[in-house]
Visitor: 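Just passing along the structure, written as structure tokens.
In this text, all values refer to a predicted model and were calculated from it rather than measured experimentally. Basis for what follows: all heavy atoms, side chains included, without hydrogens, waters or symmetry-related copies.
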Amino acid sequence: MSAHESMEHAEHAEHASGENRKIALLIAVIALFLALSETLGKGAQTESISKNVEASNLWAFFQAKSIRRTTVQTAAEQSRLSLGPLGDDAAKAALQKQIDDWQKTAARYRSEPETGEGSEQLAERAKHAEEERDEATAKYHHFELASAAFQIGIVLASATIITGIIALAWVSGILAFAGIAVTVLGIFSPHLLHLH
């Protein structure tokens with residue numbers, strides 16, 4: 001091999017080494033964004049599951065309150081029918097007091113703003129938990145899509161080193177930007193795109 005050929009070979013190797021460093025840096029940056037989207041995705045998934053459990057619990061509590069209210073109202077109505085014309089005044093007064101107590105209890109089961117545990121408040125809390133669950137689920141889908149874009153980008157960038165086809169690096173970069181865009185949408189506007 002002549003000195004000139006040796007110099008050309010060394011220049012080509014140096015150029016390839018410089019390109020490989022750039023590709024390696026691209027892979028590292030994409031991996032960083034992948035780690036971020038995966039972390040955000042797991043957090044959103046956990047939030048979604050947590051809010052789903054909370055909503056289910058609140059709806060179960062709502063149902064229990066509704067059943068109690070119906071039972072107490074039924075007892076009050078049945079007892080009111082017993083008040084008829086017969087019987088002594090003391091018994092009627094005691095029964096009326098019991099009916100009034102049951103009606104107050106039924107009203108409290110319907111609305112109890114102090115504790116937030118009336119059926120009306122429970123329904124509102126359950127609906128709010130469902131909205132939060134849906135928000136977290138939408139975020140999760142965005143982060144999962146972004147993670148897929150980052151993973152494919154890493155594979156394509158790695159393939160660039162092996163094949164020397166620079167177009168793969170460009171596609172990898174485009175996927176990285178797409179993944180970043182979807183991650184940002186997931187953070188700030190998860191309902192803009194409907195991914196699920």
Visitor: Suppose the criterion is ring-ring contact (aromatic ring centres under 6.0 Å, His included): which pairs have a residue in residues 35-73, not counting sequence neighbours?
Guide: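 Found W59-F62.
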
Visitor: Are F188 and L36 connected in a single hydrophobic cluster, I mean Ile/Leu/Val/Met/Phe/Trp/Tyr linked by side-chain heavy atoms less than 4.5 Å apart?
Guide: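 Per the 4.5 Å side-chain linkage, L36 and F188 are co-clustered.
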
Visitor: Tell me, please, which residues at least two apart from S111 pass side-chain contact (heavy atoms from CB on, under 4.5 Å).
Guide: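 With neighbours one apart ignored, the set is P113, E120, Q121.
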
Visitor: How far apart are the closest heavy atoms of I30 and F150, and which atoms are they?
Guide: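 Looking at all heavy atoms of both residues, the shortest contact is CG2-O, 3.2 Å.
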
Visitor: Can you tell me how far CD1 of I23 sits from CD1 of I161, rounded to the nearest 0.5 angstrom?
Guide: 6.5 Å

Visitor: Sequence neighbours left out, cut at 3.5 Å: what donor-acceptor pairs do the side chains of residues 98-109 make with other protein atoms?
Guide:
residue : atom : partner : partner atom : Å
D100    : OD1  : Q96     : NE2          : 2.9
D101    : OD2  : K97     : NZ           : 3.0
T105    : OG1  : D101    : O            : 2.9

Visitor: According to side-chain contact (heavy atoms from CB on, under 4.5 Å), who are the partners of L145, at least two apart in sequence or on a separate chain?
Guide: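 Once residues adjacent in sequence are excluded, the partners of L145 under the side-chain contact (heavy atoms from CB on, under 4.5 Å) criterion are V182, L195.
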
Visitor: For the hydrophobic clusters of this structure (ILVMFWY residues joined by side-chain heavy atoms under 4.5 Å, transitively), does one cluster hold both L175 and V184?
Guide: no

Visitor: Please report the shortest heavy-atom distance between L122 and G116, naming the atom on each side.
Guide: CD2-O, 3.9 Å

Visitor: For residues 163-173, please give each side-chain donor-acceptor pair under 3.5 Å, one per line with the distance, not counting sequence neighbours.
Guide:
residue : atom : partner : partner atom : Å
T163    : OG1  : A159    : O            : 2.8
T163    : OG1  : I165    : N            : 3.2
S172    : OG   : G153    : O            : 2.6

Visitor: Could you grab the distance from atom NE2 of H142 to atom NZ of K139, nearest 0.5 Å is fine?
Guide: 10.5 Å

Visitor: Please evaluate residues L156 and T160 with respect to the criterion side-chain contact (heavy atoms from CB on, under 4.5 Å), reporting the C-alpha separation (whole Å), side-chain torsions for both, the decisive distance (0.1 Å), and the verdict.
Guide: CA-CA 6 Å; L156 291 176; T160 302; 5.6 Å; no

Visitor: With rounding to the nearest 0.5 angstrom, report the CD to OG1 distance, E38 to T183.
Guide: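 Separation between the atoms: 10.0 Å.
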
Visitor: Would you please name every residue forming a side-chain hydrogen bond (donor to acceptor under 3.5 Å, both in side chains) with E131, sequence neighbours left out?
Guide: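 With sequence neighbours excluded, E131 shows a side-chain hydrogen bond (donor to acceptor under 3.5 Å, both in side chains) to no residue whatsoever.
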
Visitor: Could I get the full list of side-chain hydrogen bond (donor to acceptor under 3.5 Å, both in side chains) partners for Q151, not counting sequence neighbours?
Guide: none

Visitor: With sequence neighbours excluded, what pairs up with I67 under the side-chain contact (heavy atoms from CB on, under 4.5 Å) test?
Guide: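 side-chain contact (heavy atoms from CB on, under 4.5 Å) list for I67, sorted by chain: T71.
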
Visitor: Quick one: salt bridge (Lys or Arg N to Asp or Glu O under 4.0 Å) pairs with a partner in residues 65-78, sequence neighbours left out?
Guide: K65-E112

Visitor: My understanding is that only residues two or more places apart in sequence, or in another chain, count here; which of them pass side-chain contact (heavy atoms from CB on, under 4.5 Å) with L192?
Guide: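 With neighbours one apart ignored, the set is L185, S189.
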
Visitor: Between I187 and I180, is there a shared hydrophobic cluster once you connect ILVMFWY residues whose side-chain heavy atoms come closer than 4.5 Å?
Guide: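 Yes, one cluster joins them.
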
Visitor: So, S48 side chain and A44 main chain: donor-acceptor pair closer than 3.5 Å or not?
Guide: no

Visitor: Shared ILVMFWY cluster between F33 and Y140, side chains joined below 4.5 angstrom?
Guide: no

Visitor: Ignoring hydrogens, what is the shortest heavy-atom contact between R133 and N52? Give both atom names and the distance.
Guide: NH1-OD1, 3.0 Å

Visitor: Hey, could you give me the CD/CD distance between E135 and E132, rounded to the nearest 0.5 Å?
Guide: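 Between E135 CD and E132 CD, I get 8.5 Å after rounding to 0.5 Å.
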
Visitor: Sequence neighbours excluded, which residues qualify as salt bridge (Lys or Arg N to Asp or Glu O under 4.0 Å) partners of E54?
Guide: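 Salt bridge (Lys or Arg N to Asp or Glu O under 4.0 Å) check on E54 returns K51.
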
Visitor: Applying side-chain hydrogen bond (donor to acceptor under 3.5 Å, both in side chains), can you list everything that pairs with S37, at least two apart in sequence or on another chain?
Guide: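 If we apply the side-chain hydrogen bond (donor to acceptor under 3.5 Å, both in side chains) test to S37, skipping adjacent residues, the hits are S147.
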
Visitor: In terms of side-chain heavy atoms, does H128 have a donor or acceptor partner in E124 at a distance below 3.5 Å?
Guide: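 Distance-only check fails for H128 and E124.
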
Visitor: Flag yes if L34 and I27 sit in one hydrophobic cluster, no otherwise; membership is Ile, Leu, Val, Met, Phe, Trp, Tyr, and two members link when side-chain heavy atoms are under 4.5 Å apart.
Guide: yes

